[in-house]
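See structure below.
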Amino acid sequence: MQSVRKRRGNDLHMNSPPGVLKRNDSGKQKQPFHFDLWLCLTLQNWILDFGRPIVMICLPLEWFPLNKPSAGDYFHMAYNVITPFLMLKLIERSPKALSRTAVYLCIIFFVMGASIHLVGDSINHRLILSGYQLHLSVRENPIIKDLKPASLIDSFELLYYYDEQLGHLMWYIPFFIILVIYFAGCFSNAKEQKKVPISGWLLLGPSSLYYWYLVTEGQITELFLVTFLAMVAMVIYQRRLGLSPDTNGLFLFYSFIVTVVLVALWVAYLWNDPVLRNKYPGLFYVPEPWSFYTLHIK
């Protein structure tokens, strides 16, 4: 009799819709703060992403010849594997059913974009070691402008496009879509008391500071603002339905609020810098930290 019940349970599980990620619980239980996942995401973001160029600068060049992968490249490879894994684990803990197809497509594009960036960024770092200045455009760089034949400059501009534009878009758009998808499942009855625990407040600063680095160095201000406004609109809409973000949703939402403040302070600090103004003439003037480094520190 028990075996028959087990088979019936397995049949029900196998016949569930393939386009939705299911949870065994009803989703009505109070969600704990996912300290382990948020901590792992924060640590690996700081070490494997922000730490990449620092490791390449600090370690002796003799250890990693210019025609071989550098320590930062290995960091990037690890990031390209660990980050999508952690994002999938985060989605698995969502209290609500989410679209499996959307999540899988985002992960595929994320890995592809990050891999494109890996190659472009690796070559770009070697150019920096040879005198390339990030605060100048490709054609204005002294080591590039005198290349012969001149068509080689077009090749370096193509490399810059893959590294700083296509790679970033294919990397960051899926990243933020996954966060929005996860945030959409973090709403519960507004009458329930929800707050960020002490461990969450301790992670809030490092997490927000990394998002600041992601927005400024990745030059994705527009994408970040659209994501943040979508989250704000979601909060307003859900409050009308009597729902509010749970503890994990609050942590993510507060992290983005602090990031907006940090980006605004960064722009205000460099508002009157003529060189960086010339380098970033677009609608949103948000200089890259490493351009600031090569211009004012290095």
Side-chain angles (χ1 to χ4, degrees), residues 9-29 31-45 48-49 75-121 162-163 165-188 207 210-211 214-215 218 220 222-224 226-231 233-234 237-238 245-246 248-249 251-253 255-256:
N10 291 336
D11 291 341
L12 289 173
H13 177 72
M14 293 298 292
N15 292 331
S16 60
V20 174
L21 289 172
K22 294 284 188 179
R23 288 181 58 88
N24 293 329
D25 54 53
S26 62
K28 296 181 180 179
Q29 298 178 357
Q31 287 295 305
F33 182 67
H34 304 319
F35 176 74
D36 55 340
L37 283 181
W38 293 121
L39 176 64
C40 289
L41 276 169
T42 302
L43 287 177
Q44 68 93 31
N45 283 336
L48 300 180
D49 190 14
F75 274 40
H76 207 322
M77 294 176 195
Y79 175 91
N80 292 3
V81 175
I82 296 175
T83 302
F85 173 76
L86 292 176
M87 300 294 283
L88 284 173
K89 300 302 292 183
L90 188 65
I91 290 294
E92 284 181 6
R93 295 193 187 181
S94 173
K96 295 185 179 179
L98 303 174
S99 172
R100 181 186 302 172
T101 301
V103 171
Y104 286 174
L105 283 175
C106 286
I107 292 296
I108 291 170
F109 276 97
F110 174 91
V111 174
M112 185 175 179
S115 299
I116 291 175
H117 183 267
L118 164 63
V119 177
D121 198 59
Y162 276 117
D163 179 19
Q165 297 184 33
L166 183 62
H168 281 187
L169 290 176
M170 293 185 66
W171 177 1
Y172 296 132
I173 289 178
F175 178 81
F176 283 109
I177 289 178
I178 290 177
L179 290 181
V180 169
I181 291 176
Y182 173 77
F183 184 72
C186 291
F187 287 86
S188 59
S207 178
Y210 171 75
Y211 287 134
L214 199 66
V215 172
I220 53 169
E222 296 89 341
L223 174 61
F224 174 76
V226 168
T227 304
F228 177 66
L229 291 176
M231 294 171 66
M234 204 177 300
Y237 173 75
Q238 294 288 358
D246 62 18
N248 293 286
F251 172 77
L252 186 59
F253 191 56
S255 297
F256 274 45

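Residue numbers start at 1 and run along the sequence shown.
- Open room surrounds OH on Tyr162; 12 or fewer heavy atoms of other groups in view lie less than 6.0 Å from it.
- Here the CZ atom belonging to Arg100 is positioned 13.0 Å from the CD1 atom belonging to Ile91, to the nearest 0.5 angstrom.
- Leu90 is not listed as a side-chain neighbour of Ile178, based on a closest heavy-atom distance of 4.5 Å or more.
- Between Phe176 and Phe256, the ring planes lie perpendicular to each other; the angle is over 60°, past the 30° to 60° tilted range.
- Met77 CE: more than 12 foreign heavy atoms inside a 6.0 Å radius.
- In this structure, Met87 and Val103 have side chains that are not in contact, with every pair of non-hydrogen atoms separated by 4.5 Å or more.
- Under the 4.0 Å criterion applied to side-chain N and carboxylate O atoms, Arg93 and Asp36 are assigned as salt-bridge partners.
- For the pair Thr227/Leu179, no side-chain contact is recorded, criterion being any heavy-atom separation below 4.5 Å from C-beta on.
- Nearest heavy-atom pair, Val111 versus Asn80, reported as atom, atom and distance to 0.1 Å: CG2-O, 4.1 Å.
- Using bins of under 30°, 30° to 60° and over 60° for the plane-to-plane angle, the ring pair Tyr79/Phe110 lands in the tilted bin.
- A distance-only check finds a donor-acceptor pair linking the side chain of Asn248 to the backbone of His34 [under 3.5 Å].
- In this structure, Phe183 and Phe187 have perpendicular ring planes: the angle between them is above 60°, well past the 30° mark.
- No option in Leu252, Asn45, Thr42 other than Thr42 meets the side-chain contact (heavy atoms from CB on, under 4.5 Å) test with Ser207.
- By the 4.5 Å heavy-atom criterion applied to side chains, Asp49 and Gln44 are not counted as neighbours.
- Summarising the geometry, atom CG belonging to Asp163 is positioned 10.0 Å from atom CG belonging to Leu118; distances are rounded to the nearest 0.5 Å.
- Distance check, rounded to the nearest 0.5 Å: OG1 of Thr83 to CG of Leu41 gives 7.0 Å.
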Requested in this report: Give the C-alpha distance, both sets of side-chain angles, the deciding distance and a yes or no for side-chain contact (heavy atoms from CB on, under 4.5 Å) between Leu223 and Leu169.
Outcome: CA-CA 9 Å; Leu223 174 61; Leu169 290 176; 5.6 Å; no
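- One distance of note links CZ of Phe251 with CZ of Phe33; it measures 4.5 Å at 0.5 Å rounding.
- Put simply, the side chain of His117 never gets that close to the backbone of Gly167: no donor and acceptor are under 3.5 Å apart.
- The minimum heavy-atom distance between Pro245 and Gly249, with the atom names listed, is CB-C, 4.0 Å.
- Side-chain contact between Ser255 and Tyr211 is present, with heavy atoms from C-beta onward closer than 4.5 Å.
- In this structure, OG on Ser115 lies 8.0 Å from NE2 on His76, to the nearest 0.5 angstrom.
- For the pair Phe109 and Trp171, the minimum side-chain heavy-atom distance is 4.5 Å or more.
- Remark: Met112 CE to Leu166 CG distance equals 7.5 Å, nearest 0.5 Å.
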Report task. Run the numbers on Phe224 and Tyr172 for side-chain contact (heavy atoms from CB on, under 4.5 Å), then give the verdict. Result -> CA-CA 9 Å; Phe224 174 76; Tyr172 296 132; over 6 Å; no
